[in-house]
Amino acid sequence: MAMSRHRTPACRERITLDEAEAGLVEQYTGLVRLAYLTLPPTLSRHRKVLAAHGLVQRALPVFRPRKAALRVPAQRLGSERHGAAWVRERVLRAALAYERRPRGWPASLPPPRALRPMLPMVWGLRLFPRAGGREEIALGQALSGLSADVRAAFVLCRADGLPEAQVRALLCASGARRPDRALRIARQLDAPAVAAAQTLLRSAEFNACAVQTRPTDLLRRRHRLRLAWAVAAVVAVGAMVLAATGTSTGQRPPRPVVDVAPAGPDDLVRAPRAAWTDTARLDFTAWPPRGGRTDDRGLLTRALATWTRPSSSTHITHTPGTFTGPPLPGTQLLYAGEADGSAVVLFHDGLRAVRYTEPLSPEPPSPSSHAVLAFARTDNSDVATAAALVVNRTHGTARYLTAPWVTEARTRDLLRPGGPARRLRVSASGVTEPVRRPMPTGPCGSWPALELRPSARIAEDHAFLTADLGGLVPVHLTQTPLSGGEAPAWQPREAVSKAALRTWSRTACRLPALPGDVRTVDVWDFAEQPLPENGGRAVWSCVRADTWRGPGEVTVRFTAPGAAARVVARERATAACSRFGRQVVASGWWRAPSGHSYLLAAGSRGVVGIEVTGAVRASEEGRFLAVRAPADGRGQVRGRLAGGGEMGEVGGSAGG
């Protein structure tokens, strides 16, 4: 078992190697789970499994042998053995520091800690935990959007069952910068269902000690072996030539260059035309190749060559967090055809959608000449997020390639919810006629959106909305209505009903302010509050934008009768307003027709009380609070939850 060379801080109590090893062996599974969930989500599951075991096994320090001496043991706080707590701190410190880069370290390189060889080493196999159900996968996606200290706090509180005071002290000792914030977000993540969270965290999805094995890519490994032999042969021949010509030892021979041939048209995967009718996985992998030039080997060769080795004249765009490297094995052809004076090829490699565009001309263009490449993340896509791709954009319009399961396409103006949707003409290849695009700048007079209806084989009387925000993949729009009856309406619904369209008419113009890699946007009307002085009823809405990378951005909007919607709070990288952040509290100022100003606060259904402290002080039982106060006053708003505990408001402050 490897041992770390880091010394124990002098201010901490020394323990023996036997105590440390006993604590590590006793809690090995829990320590590996803590390291596995704290490590950065950018690592593959195989790398995370090996890194988690390596961090735990390297937690033992190097002790100098010393003579045993009789001593009176120090008093311990709590029932946990001292060695186990000491090793847990070492593991957590190493996991939190794993992705930190020193000042000046290039962003393109992994952190220096990630460059170190770490036991155990596995060759020829891929290790990963067993796949869980929908609940485990959803929890994993929610945790991947949080910072490392928040993930660690959540695991320590929910899985290990440590008290918050001990978790706060452990985070501080491990180098976490904001332990109080980490605990607050961890409490909000799953406060109503602590037992369920404990069960999920102990499931096979997060158990890095019970893993499955699969071989690596055998064909790629074989190609690499052949390449290694070729390099060795070139080096050997070069050495023999240099020895025969008598090159002096003071001269450095040129390094041999080995060229890797790009993928060709024959390497592309082509799904059967009816594949989507016979699978439960409705995403881009079920798209057949379409278009009039799917057999044009010249066009496909130029597209793949440009993707593999783009020249300096190739214009490349990509959404944040998207890998722009060469094609992966198993790359799939989705479309090859012509549109508005350009030849367009669309690919998909399981993680990305890639669009290649070149201008049409009498002479075939050279590889990478005036070509454009666009990359977008598409992992974990579904029937709605894989329903369309942008073929091209010209003169304020766009053409879309619709999924093979889409039977009808319409366009509607989100700012006119009562207006009819106009039917779009779709070619036999699945490409729509030009559709007017939303204008991200200037006055917001209209906002066109696509209304797509899938085949009845998927769902009856079902449609969904998508919007073009400038990326390769349109954004899926949903709406969660006000809770009605006894059960709250947590599940987002397709935004095609009259009420949903009215809600989106107040939100559409704020879509350009969202990040560039948005996957879905949901509008949740979480509260309807009666206003003071018989001012009517105001609606509190939470607009959540989830990105393909995982983190979400939340905007809280307040809409009073007869007034435009107003943004009162905004927060990034949060689980609020999602299925893992179902409790929400927000506040804002409102001026009554009489001229009096009020501080208003509202909470979702799980909130049973609201309290304001600071310059404005008030308390109210229930989900709503309205207190008359000067508009320049500041206050901190907190909500009391039905299951116990408190939570802060979205955005962190009230007022102004």
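Numbering starts at 1 and runs along the sequence shown.
Using a 4.5 Å heavy-atom cutoff, the side chains of W447 and S505 are not in contact. Between L514 and V521 the shortest side-chain heavy-atom distance falls below 4.5 Å.
Counting non-hydrogen atoms of other residues, nucleotides and ligands closer than 6.0 Å to CZ of R572 gives a total of 12 or fewer. More than 12 heavy atoms of other residues, nucleotides or ligands shown are found within 6.0 angstrom of CZ on R270.
Using modelled atom types, one side-chain atom of Q583 and one backbone atom of G606 make a donor-acceptor pair closer than 3.5 Å. Counting only distance, with no hydrogens or angles, the side chain of R355 and the backbone of V390 share a donor-acceptor pair below 3.5 Å. Remark: side-chain polar atoms of S604 are paired, donor with acceptor, to backbone N or O of V584 under 3.5 angstrom. With hydrogens and angles ignored, the 3.5 Å screen pairs a side-chain donor or acceptor of S381 with a backbone N or O of T378. Side chain of S497 to main chain of A500: a donor-acceptor pair is present (N/O by atom type, distance under 3.5 Å, no hydrogens or angles).
Judged by distance alone, the side chains of D525 and S541 do bring a donor and an acceptor atom under 3.5 Å apart. S311 and S313 share a donor-acceptor pair across their side chains, judged by distance under 3.5 Å alone. The closest side-chain donor-acceptor pair between T285 and H348, if any, does not fall under 3.5 angstrom. Under the 3.5 Å distance criterion, with hydrogens and angles disregarded, no donor-acceptor pair is assigned to the side chains of R436 and T411.
Here the CG-OG1 distance, from L452 to T407, works out to 9.5 Å after rounding to the nearest 0.5 Å. How far CG of L346 is from CG of L389: 6.0 Å, rounded to the nearest 0.5 Å. For the atom pair T555 OG1 and R544 CZ, the distance stands at 11.0 Å (nearest 0.5 Å). The line from CZ of R437 to OG1 of T397 is 8.5 Å long, rounded to the nearest 0.5 Å.
For R290 and W287, the positive end sits near the middle of the six-membered ring, less than 6.0 Å away and at most 45° from its axis.
Residues R393 and D468 are paired through a salt bridge, judged by an N-O separation under 4.0 Å between the basic side chain and the carboxylate. Between D379 and R352 there is no salt bridge, since no side-chain nitrogen of the basic residue lies less than 4.0 Å from a carboxylate oxygen of the acidic one. Salt-bridge formation is not detected for the pair E451/R422: no Lys NZ or Arg NE/NH1/NH2 atom is positioned less than 4.0 Å from an Asp or Glu carboxylate oxygen. Looking at R377 and D517, no side-chain N of the basic residue comes within less than 4.0 Å of a carboxylate O on the acidic one, giving no salt bridge. Salt-bridge check for R423 with E408: passed, with a basic side-chain N closer than 4.0 Å to an acidic carboxylate O.
Under the side-chain contact (heavy atoms from CB on, under 4.5 Å) test applied with L299, the options D296, T301, D295 reduce to a single match, D296. A side-chain contact (heavy atoms from CB on, under 4.5 Å) with F375 is found for exactly one of I316, T317, L351, T319, namely I316. Paired with F526 under the rule side-chain contact (heavy atoms from CB on, under 4.5 Å), one option of C542, C577, P481 passes, and it is C542.
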Hey, mind stepping through S342 and N392 against side chain to side chain donor-acceptor pair (under 3.5 Å) and telling me if it holds?
CA-CA 9 Å; S342 298; N392 71 330; 5.5 Å; no
Does the side chain to side chain donor-acceptor pair (under 3.5 Å) test come out yes or no for W540 and Q529, once each step is laid out?
CA-CA 8 Å; W540 296 82; Q529 180 178 15; 2.9 Å; yes
